[in-house]
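Take a look at the structure below.
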Number of protein chains: 2
Amino acid sequence: MTTHLDESLYRIEQVAARTGLTKRTLRYYEEIGLLAAPSRTDGNYRLYTEADVARLERICQLKEALGLTLAELTDFIAMEEARDEIRTTFAESADPHERLVQLDRADAIAQQQLVLVDKKLATLQATRVALLERLARYERHRADITDHLPAQP
Amino acid sequence: MTTHLDESLYRIEQVAARTGLTKRTLRYYEEIGLLAAPSRTDGNYRLYTEADVARLERICQLKEALGLTLAELTDFIAMEEARDEIRTTFAESADPHERLVQLDRADAIAQQQLVLVDKKLATLQATRVALLERLARYERHRADITDHLPAQP
DNA sequence: CTTAACCTTTACGTCAACGTTAATGTGTGC
DNA sequence: GCACACATTAACGTTGACGTAAAGGTTAAG
C-alpha cells in the first residue's frame, strides 16, 4: 500500500495546467493506453488522482530525456511501475520455478533498458564535454581579443 | 585543412548500408538541408565523401541520444561544425568588436545546448540508478528463492 | 432557472519523417 | 549491344502525435 493515500482529485484542465500538457494530449494518452483511464464523476467528467499526475510528470520527463515513442514509453513506464506487483501479487503466490522465470523476464527487460540508457548517456556525456571545450575555447578567444584591445576610455 | 584528405567516394546505397539509413532518408536529409548536397557523377549519381558519412553517423547518434527534431538537429550540428570557421574565416578578419559580438552569440548557443544536454543527462542518470537498483533487487529476490529451494537432484 | 464555463465524444486536419510507387536514365558484365 | 542492377526525380501514401472544430451534456454562480 502507498504510505498516506492522497484523496485529492483533479479535473482535466487542472491536470493540464499542472503538467503543461493539453487536454487533448491527456485524452490521447488515455486513448493509446499510456495513462490508465481515470475515474469519472456522475456527469462523466474525468477525475485524475495525484498518482496520475505523478505518472504524467514521469512520462514528460522520460519523453524529454529518452526521446522514445509513446508506444515505447508505455512499455518503459509499465516496467517501472511493475515493481510493486512483483513484491506483492507475485512474491508469495506461485511456485518458485515460475517465480524465477518471471524474475528472469523482468531482469532481461531491465537490462535492455539499461543498455539503452547507457548508450544515450555515453553520447550525451561526450557531447557535454565537447560543449564545455567549445565554451572554454570561446573564453580564451575572448581573452585574446580583449588583451589586444588596449585603448578604451 | 583536414589531416589526410580521403578521396574515397560512395554511392547512395553504400552509404545507406554503412549508416543504417535508407536511400530515401539520405535524399530527404539532403532535401531539408540537414546534409549538404553531395557532388554528382556525370550521370547525376550522388557521390558521398567520408566526411558525409561521418556527419551522417553523428546525425544518427544525436538523433538517438538527444531526440531532437531534424530541424533542431540541423542547427545543433551546424553549430558543432562552425568551429573551424570561427578559427579561420572569422578569426583574423573583422574588427575586434564585431568578433566579440559573434563570439557572444556562439557562446550563448553553446550554453543553451549545454543546458539541454545537462537536463537530459540528469534524468538519464537518475533513471540509470533506478534501473541498477531494480536489477539488484531482482538479484536479491533470486537469491531468496533459490536459498529456500534446497532439494534438487 | 438560466447562463457561462466547464466537460464529453466524434471526426476531420496537420506536420514531421519518412515509405512506396512510377516513370525514366545510367553503368557494367557477358 | 543488351540485360540488369542501380541511380534519378516526382508524387502520392502512411504513421505518430497531436490540433481544432462541431454538437452536445454538466455544474457552479447569480
Side-chain angles (χ1 to χ4, degrees), chain A residues 8-49 52-53 55-78 116 120, chain B residues 8-49 52-53 55-78 116 120:
Chain A
S8 6
L9 295 175
Y10 307 91
R11 297 205 309 203
I12 194 167
E13 190 157 81
Q14 303 174 325
V15 175
R18 283 190 57 186
T19 59
L21 300 170
T22 67
K23 296 182 281 182
R24 173 66 171 102
T25 299
L26 293 176
R27 297 197 192 97
Y28 179 63
Y29 285 0
E30 178 181 339
E31 184 185 331
I32 64 172
L34 178 49
L35 187 71
S39 60
R40 301 288 184 115
T41 68
D42 287 357
N44 206 30
Y45 283 24
R46 286 177 179 78
L47 285 179
Y48 296 89
T49 69
D52 288 330
V53 174
R55 182 178 171 118
L56 282 167
E57 276 161 357
R58 180 63 178 157
I59 287 173
C60 293
Q61 210 177 40
L62 284 180
K63 186 167 146 68
E64 253 272 308
L66 291 180
L68 301 178
T69 69
L70 297 187
E72 292 166 330
L73 256 183
T74 304
D75 295 353
F76 202 107
I77 300 223
L116 194 99
K120 303 204 182 207
Chain B
S8 8
L9 295 175
Y10 308 92
R11 297 203 310 201
I12 195 166
E13 190 156 83
Q14 303 175 324
V15 175
R18 284 189 57 186
T19 59
L21 300 170
T22 68
K23 296 184 280 182
R24 174 66 170 101
T25 299
L26 293 177
R27 297 196 191 97
Y28 179 64
Y29 284 1
E30 178 181 339
E31 184 185 333
I32 64 172
L34 178 50
L35 187 71
S39 61
R40 301 289 185 113
T41 68
D42 286 357
N44 206 30
Y45 284 22
R46 286 177 179 78
L47 286 178
Y48 295 90
T49 68
D52 288 330
V53 174
R55 181 179 170 116
L56 282 168
E57 276 161 357
R58 180 62 177 157
I59 288 173
C60 293
Q61 210 177 40
L62 284 181
K63 186 167 146 68
E64 254 271 308
L66 290 181
L68 301 177
T69 69
L70 297 186
E72 292 165 332
L73 255 183
T74 304
D75 295 353
F76 201 107
I77 300 221
L116 195 100
K120 304 207 180 204

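Numbers restart at 1 for each chain; the letters A, B, ... are given by sequence-line order, proteins then strands. Predicted model, so just to flag it, every value in this text is computed and none were measured.
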Would you give a per-nucleotide map of nucleotides 24-30 of chain D, 5' to 3', where B means the base has a protein non-hydrogen atom under 4.0 Å away, S means only the sugar-phosphate does, and - means neither?
-BBS---

What is the 5' to 3' range of DNA chain C, first to last nucleotide, that sits under 4.0 Å from any heavy atom of chain B?
C:dA17 to C:dG27

Test of understanding: with side-chain contact (heavy atoms from CB on, under 4.5 Å), list the residues that count as partners of A:E64, not counting sequence neighbours.
B:K119, B:K120

Scan nucleotides 11-17 of chain D against the protein and return all N/O pairs shorter than 3.5 Å with their distances rounded to 0.1 Å.
from: D:dA17; atom 1: OP1; to: A:L70; atom 2: N; distance (Å): 2.8

Go through the structure and list residues passing side-chain hydrogen bond (donor to acceptor under 3.5 Å, both in side chains) with B:S39, not counting sequence neighbours.
none

With side chain to side chain contact (heavy atoms under 4.5 Å, CB included) as the test, would you mind laying out the steps for A:L62 and A:L68 before giving the verdict?
CA-CA 8 Å; A:L62 284 180; A:L68 301 178; 5.9 Å; no

For A:R18, give me all partners under salt bridge (Lys or Arg N to Asp or Glu O under 4.0 Å), at least two apart in sequence or on another chain.
A:E50

B:Q61 meets the side-chain hydrogen bond (donor to acceptor under 3.5 Å, both in side chains) criterion, sequence neighbours left out, with B:R58

For B:L9, all residues meeting side-chain contact (heavy atoms from CB on, under 4.5 Å), sequence neighbours excluded
B:L47, B:T49

Could you check if a side-chain atom of B:I59 sits within less than 4.5 angstrom of a side-chain atom of B:L56, using non-hydrogen atoms only?
yes

Between A:L73 and A:L70, does a side chain to side chain contact (heavy atoms under 4.5 Å, CB included) hold up when you go through it step by step?
CA-CA 5 Å; A:L73 256 183; A:L70 297 187; 4.2 Å; yes

Listed pairs under 3.5 Å, donor-acceptor, residues 23-38 of chain B side chains, sequence neighbours left out:
from: B:K23; atom 1: NZ; to: B:E13; atom 2: OE2; distance (Å): 3.4
from: B:T25; atom 1: OG1; to: B:T22; atom 2: OG1; distance (Å): 2.8
from: B:E30; atom 1: OE1; to: B:R46; atom 2: NE; distance (Å): 2.7

Going by the rule side-chain hydrogen bond (donor to acceptor under 3.5 Å, both in side chains), which residues pair with B:N44 if we only count those two or more places apart in sequence or in a different chain?
B:R40

Of A:E13 and B:K23, the one whose nearest nucleotide on DNA chain C sits closer to the 5' end is A:E13

Should stems be defined as at least three consecutive Watson-Crick or G-U pairs with both distances under 3.5 angstrom, which of them involve DNA chain D?
C:1-30 with D:1-30

Rounded distance (Å) that lies between atom P of D:dA7 and atom CG of B:L26:
10 Å

How is B:R46 classified with respect to the nucleic acid when contacts are heavy atoms under 4.0 Å: base, sugar-phosphate, or nothing?
sugar-phosphate

Using the test side-chain hydrogen bond (donor to acceptor under 3.5 Å, both in side chains), find all partners of A:T41 that sit at least two apart in sequence or belong to another chain.
none

